[in-house]
Number of protein chains: 2
Amino acid sequence: MPLQPGLNLSEGALGPQVYKHMRDRIISGQITPGTRISETEIARHYEVSRQPVREAFFRLADAGLVQVLPQRGTLVRRISIRGVTDARFVREAIEADIARLVAEDPAPGTTERLADLIEQQAGVDGDAAAFIRLDEAFHHTLAQAADKTFAWRIVEEVKGQMDRVRFLSTRYLPTERLVDQHRAVLAAIEARDPDAASSAMRQHLRGVLSDLPEIARQVPEFFEPEG
Amino acid sequence: MPLQPGLNLSEGALGPQVYKHMRDRIISGQITPGTRISETEIARHYEVSRQPVREAFFRLADAGLVQVLPQRGTLVRRISIRGVTDARFVREAIEADIARLVAEDPAPGTTERLADLIEQQAGVDGDAAAFIRLDEAFHHTLAQAADKTFAWRIVEEVKGQMDRVRFLSTRYLPTERLVDQHRAVLAAIEARDPDAASSAMRQHLRGVLSDLPEIARQVPEFFEPEG
DNA sequence: TCAGGGCTACTAGTATTCAAGTTTGCGGGT
DNA sequence: ACCCGCAAACTTGAATACTAGTAGCCCTGA
């Protein structure tokens, strides 16, 4: 008899479950930025005690998704343009090097798997969540091919900030262009051209946020007031 | 009437204080890797309740410094060669790009500050902790000059694994060579040569761990058995 | 009407208690 | 002497109780 909203039961610790759930809700925009949430409120919602919720909040705060104000409350951070571009910087640095490594020596089966993912992406139409999932799979596959699972953890940690923006641009996601960019990365890898792979990845990750200013203009209430 | 070992009082939350303290103790090798520690034990030691200690343990686990085994105990992770090189990979990717940015457009006063730090480093003799502190200041200054404080947070998170090794090589720290590498980075920046700055940084960060295998051979009990 | 002060309701931080699972060691039986 | 099994003493996970501090509201007084 767990709970009504998501689902928690005796399969694994509660803290991480709450974290994942809250993280998804924030990144996907189900919780409006600026909303004030409280530990007790969330605890009631999931029908657990404050303890696991606190753990989740810590990690969310580390990820920059919420802001804890002692004795005052916790609120969902608005998207900071600065924060998003900073996240992109880190991600670009890491993934450019990963692409380089893969191009130098691709693990067997890598190119096939990447090509398959790209095809699936080309077939997606309109479903932003599905596309983002496939996009994540593409990048994750590259990281695995380079045998850099730890680096991928860092990327994941940072990626959330970028995905928040991408969920906002649901209808405007230029999937065509993104798929082409993935193709460019794959082509460079197949050509065993590390420099090309690296720069294709950089171009891709910069392009992902090309419409950031436009989105910030359209939904200003989701964004931190400019500094 | 706080406590005997470190010091905690009514200035800030206890959790972060415990985290910092434990982190330092682990990174500097004061707690032997493989040691089993328990929340209650540490709580008694700091004369606080288990709650803040738990928070600290979470973050230490995230940083890969401890391993929490439910219902069994928590133990200080041994140094994993794989983990250290993975950390270096991430750090190299980020800091190479930072060095590139700084070389493209150094903030005013940057080169002077870097030169000053290098001089201080050259003067250090034998004191590993002091040298590591100055080394950190050098890299931190670069990050600030590139206006990448967020990226620096990631670097810090990852740096711990590398510093553990460096603390072990107290006497063998080739400070001369490291200072020279810093000079190379600075020279590239002063020459406004982004490519040179980037590759000098990469070379530096790879060199830092050149004696890693040797150290692992000398103090095998600090290291994870090879996979 | 407006300004000031105190009270109340709510927040997160901390401490304490309870629960569930694992390890360890002792003791009896073979 | 050895092995099996049970029980007690740990461990962390979760829930509850308590503390301290903030903010906002209402009431009072001018």
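As the structure is a prediction and not an experimental result, all values here were calculated from the model. A, B, ... follow the sequence lines: proteins, then strands. Residue 1 opens every chain.
The CD-C1' distance, from Glu47(A) to dT16(D), rounds to 17 Å in whole Å. Atom C1' of nucleotide dA15(D) and atom OH of Tyr46(A) are separated by 19 Å, given to the nearest angstrom. Whole-Å rounding puts the Phe57(A) CZ to dT11(C) P distance at 11 Å. dT16(D) atom C1' lies 15 Å from atom CZ of Arg44(A), rounded to whole Å. Distance, Leu69(B) CG to dC10(D) C1': 14 Å, rounded to whole Å. Taking atom CG on Leu14(A) and atom P on dA20(C), their separation rounds to 13 Å, with Å as the unit. In this structure, the CG atom of Leu75(A) is 13 Å from the C1' atom of dA12(C), given to the nearest Å. Distance, Glu39(A) CD to dT11(C) P: 10 Å, rounded to whole Å.
Thr74(A) is not listed as a side-chain neighbour of Leu60(A), based on a closest heavy-atom distance of 4.5 Å or more.
The shortest distance between the side-chain N/O atoms of Ser38(B) and the OP1/OP2 oxygens of dC10(D) is not below 4.0 Å. The side chain of Ser49(A) places no N or O atom within less than 4.0 Å of a non-bridging phosphate oxygen (OP1 or OP2) of dT16(D). Side-chain N/O atoms of Arg54(B) include none lying less than 4.0 angstrom from OP1 or OP2 on dT12(D). Of the side-chain N and O atoms in Thr40(A), none sit less than 4.0 angstrom from OP1 or OP2 of dC10(C).
On a pure distance criterion of 3.5 Å, a polar donor-acceptor pair joins the side chain of Gln71(B) and the base of dT12(D).
Distances were taken from every side-chain heavy atom of Arg72(A) (C-beta onward) to each of dG13(D), dA15(D), dT22(D); the shortest belongs to dT22(D). Listed candidates were dT11(C), dA12(C), dG13(D). Nearest to the side chain of Arg36(A) is dT11(C). Listed candidates were dT14(C), dA14(D), dG13(D). Nearest to the side chain of Val68(B) is dG13(D). Of the listed nucleotides (dA14(D), dT11(D), dA12(C)), dA12(C) has the atom at the smallest distance from the side chain of Arg50(A).
Of the possible donor and acceptor atoms, one in the side chain of Gln121(A) sits under 3.5 Å from a partner among the backbone N and O of Leu134(A).
Between Gln51(A) and Pro70(A), it is Pro70(A) whose nearest contact on DNA chain C lies nearer the 5' terminus.
Checked against the 6.0 Å centroid threshold, His21(A) and His45(A) do not count as a close aromatic pair.
Counting only N and O atoms by type, the side chains of Ser49(A) and Gln51(A) include no donor and acceptor under 3.5 Å apart.
Using bins of under 30°, 30° to 60° and over 60° for the plane-to-plane angle, the ring pair His182(A)/His204(A) lands in the perpendicular bin.
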